[in-house]
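Taking it in order: structure first as structure tokens, then the write-up.
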Amino acid sequence: MATSEFARLPGFRDFPPEDFALRSHVQESWRRVSRRYGFLEYDGPPLEPLELYVEKSGEEIVGQLYNFVDKGDRAIAMRPEMTPSLARILGDRSRGMSKPIRWFSMPQLFRYERQQRGRLREHFQWNVDIVGEDGVAADAEVLAVAIDGLRELGLSAADFAARVSDRRLLSALLRVVGVTEDRLPAAFAVIDKIERLPGEKAAELLRSEARLDPEQIATLHDMLDTRGLDDLAARFGDHAEVAPELQRMREYVETLEAMGLGPYVTVDLRIVRGLAYYTGIVFELFDRKGELRAICGGGRYDRLLELVGGEPLPAVGFGMGDVVLGELLADRGLVPQYERSVDYFIVPVTPEQRPEALRIAHVLRDRGHGVVYALRDQAVGRQMKAAAKEGAQTVLLLGPDDVARGCVVARDMSTGEERDIPLSELA
RNA sequence: GUGGGCGUAGCUCAGUUGGUUAGAGCGCCGGAUUGUGGUUCCGGAGGUCGCCGGUUCGAGCCCGGUCGUCCACCCCA
């Protein structure tokens, strides 16, 4: 309810400490896994020239962007995704860099659309990319990072799975089915949403958009329903243009199996991805229960760098948003309990000990400990209560008697045990 | 952008067929407890019932609009 005069903008989130804790937990996990794979962190500006997105996705995307004209008459967009920025950044400097380039980022991204569950107007998205390597090992490496990112958060093969495909393989198969070259993009678009369409609607679109007859549509459905590379090879493997694509997909899957990630991976030709710039292997991560939106999506985009004016370099990467992931973690009970914690709470028993308490607090802080104390003179009982609320591990009690005999009393708040610490140790 | 459900305290909610001063639990603040916390007991603060308008003698409750939120479309970084 909007009790405050100024309401938060729809689709945007506040992060009070108890919510910020989950955000940190997720981002720190992402960062650990990235580094484990040798990726380096980068970032770019949240505002970019509007043309950066129009260039590779078409004018329609402008309707889903936060955009405006700045005081210098420049058309500006708040970044809706990171990949074009990465392409732009590398375009300026990739020539001098050793390949492959392994970079990751966790940008806050924006889009102007009506919010729904798992879909806000702002989110943090983990982006991981390998640039300058066109072999399937890079594709496998990137997917492995995405899978490990989820495993790091406590999710397992029982919770989520990757569905993988390859636009080159799908193109070859569609040509075999009878889709003409100029109709491939239209066919991709229909296949991308075919799971969400009722059967007759899908058939109608395949007829009108992809120009397929009923027999071809039946063959296509048969193809899309095929699970496993062996079955696909048995049915379509004797076509000259399909065989090498199947072989590549086989190598990709075998690489992931060699990593021990086989249980997470399923070949599924219905995975196409919406973005226009993907050129090869594409994948999405889903929760096994199928209750949520895709957790993560990515793939190979070998022409994007050249398209934005850079060195022509092959690239593969993914984006994983924090919103759907947060819901999945909550559903599986994997959100860590929020707890405040501080190393020491210092209690001057009477106001006379306050200067000594301040001195000790600073000594301990200089040593790297977290230290809190009451900001005004209070009864010991009150201060103890405050110490408990702060989550203090240890309370240091400074009474007149204690200080007189040259020590402070350290109380362990979990066990209640107390012991003396000589002031000489806190000098 | 289209259609629908829902908006009562910081949070989760109750509130009889419209009836006069709007409630609970948790949380928050304080006291019991001026050298010892988490328990317990007692007390307190906090709401123009999302907002605007309408119907009515009377609206938290009915009607319209609006904003927010959720769901389904659209779209999908």
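Residue numbers start from 1 in every chain, and the chains themselves are labelled A, B, ... in the order their sequence lines are given, proteins ahead of strands.
B/rU21 sits 24 Å from B/rC63 when the P atoms are compared, rounded to a whole Å. With P as the reference atom, B/rG15 and B/rG7 are 11 Å apart, rounded to whole Å. Taking atom C1' on both nucleotides, B/rA45 is separated from B/rG38 by 24 Å, rounded to a whole Å. Annotation: B/rC26 and B/rU39 have their P atoms spaced 11 Å apart (nearest Å). B/rG30 and B/rC49 have their C1' atoms separated by 28 Å, given to the nearest Å. Between the C1' atoms of B/rG53 and B/rG10, the separation comes to 30 Å (whole Å). Rounded to whole Å, the P atom of B/rG54 lies 49 Å from the corresponding atom of B/rG31. Nucleotides B/rG60 and B/rG50 are separated by 10 Å at their P atoms, to the nearest Å.
Residue A/Gln115 places at least one side-chain N or O under 4.0 Å from the OP1 or OP2 atom of B/rU69. For A/Lys389 and B/rG37, the shortest distance from a side-chain N or O to OP1 or OP2 is not below 4.0 Å. Under 4.0 angstrom from either OP1 or OP2 of B/rU34 there lies no side-chain N or O belonging to A/Gln378.
Pair assignment for B/rG19: B/rC57, on the basis of Watson-Crick or G-U wobble contacts that are both within less than 3.5 Å. As the counterpart of B/rU33, no nucleotide is assigned, since no Watson-Crick or G-U wobble pattern has both distances under 3.5 Å. Here B/rU2 sits opposite B/rA72 as a Watson-Crick or G-U wobble pair (both hydrogen-bonding atom distances under 3.5 Å). Pair assignment for B/rC26: B/rG10, on the basis of Watson-Crick or G-U wobble contacts that are both within less than 3.5 Å.
The base of B/rU2 lies close enough to the side chain of A/Arg114 for a donor and an acceptor atom to sit less than 3.5 Å apart.
Computed from coordinates, the A/Leu396 CG to B/rU36 P distance equals 17 Å when rounded to whole Å. One atom, CG of A/Leu120, and another, P of B/rG68, lie 14 Å apart when rounded to the nearest Å. In this structure, the CD atom of A/Gln64 is 9 Å from the C1' atom of B/rC74, given to the nearest Å. Between the CZ atom of A/Arg376 and the C1' atom of B/rU34 there is a distance of 16 Å, rounded to whole Å. Atom CZ of A/Phe286 and atom C1' of B/rC76 are 11 Å apart (whole Å). Following rounding to the nearest Å, A/Ile194 (CD1) and B/rC75 (P) show an atom-to-atom distance of 14 Å. In this structure, the OH atom of A/Tyr344 is 23 Å from the P atom of B/rU36, given to the nearest Å. If you take CZ of A/Arg273 and C1' of B/rC75, they are 13 Å apart, rounded to a whole angstrom.
When distances are taken from the side chain of A/Met384 to each of B/rU34, B/rG37, B/rG68, the shortest belongs to B/rG37. Comparing B/rU69, B/rG37, B/rC75 by their closest approach to the side chain of A/Arg119 singles out B/rC75.
By the 6.0 Å and 45° rule, A/Arg102 does not stack over the aromatic ring of A/Tyr37. Taking the ring centre of A/Tyr112 as origin, the terminal cationic atom of A/Arg121 falls inside the region bounded by 6.0 Å and 45° from the ring axis.
Looking at A/Ser85 and A/Arg88, their side chains never bring a donor and an acceptor atom within 3.5 Å of each other. Side-chain N/O atoms of A/Thr350 and A/Gln353 include a donor and acceptor closer than 3.5 Å. If you check the side chains of A/Thr266 and A/Asp268, you find no donor sitting under 3.5 Å from an acceptor. Counted by atom type alone, A/Ser341 and A/Glu339 present zero donor-acceptor pairs between their side chains at under 3.5 Å.
With the nearest nucleotide of RNA chain B identified for both A/His123 and A/Lys385, A/Lys385 has the one nearer the 5' end. Toward the 5′ end of RNA chain B lies the nearest nucleotide of A/Arg382, the other residue of the pair A/Arg382 and A/Asp192 mapping further downstream.
Scored by the salt bridge (Lys or Arg N to Asp or Glu O under 4.0 Å) test, A/Arg376 finds no partners at all (sequence neighbours excluded).
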Expected list for residues 419-427 of chain A: side-chain donor-acceptor pairs under 3.5 angstrom, two or more places apart:
residue: A/Asp420; atom: OD1; partner: A/Arg405; partner atom: NH2; Å: 3.4
residue: A/Asp420; atom: OD2; partner: A/Arg405; partner atom: NH1; Å: 2.7

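Heavy-atom distances under 4.0 Å link RNA chain B to A/Gly416, A/Glu418 of residues 416-427 of chain A, given in residue order.
Classification of A/Arg23 and A/Asp322 as a salt-bridged pair fails, no side-chain N sitting under 4.0 Å from a carboxylate O.
Counting non-hydrogen atoms under 4.0 angstrom, A/Gly11 reaches the backbone sugars and phosphates but no base. Heavy atoms of A/Arg411 sit under 4.0 angstrom from at least one base atom. As judged by a 4.0 angstrom heavy-atom cut-off over every strand, A/Asp401 is placed among the base-contacting residues. Residue-level contact check: A/Gly399 touches the bases, meaning some heavy atom is under 4.0 Å from a base atom.
Between A/Leu153 and A/Leu325, some side-chain heavy-atom pair lies under the 4.5 Å cut-off.
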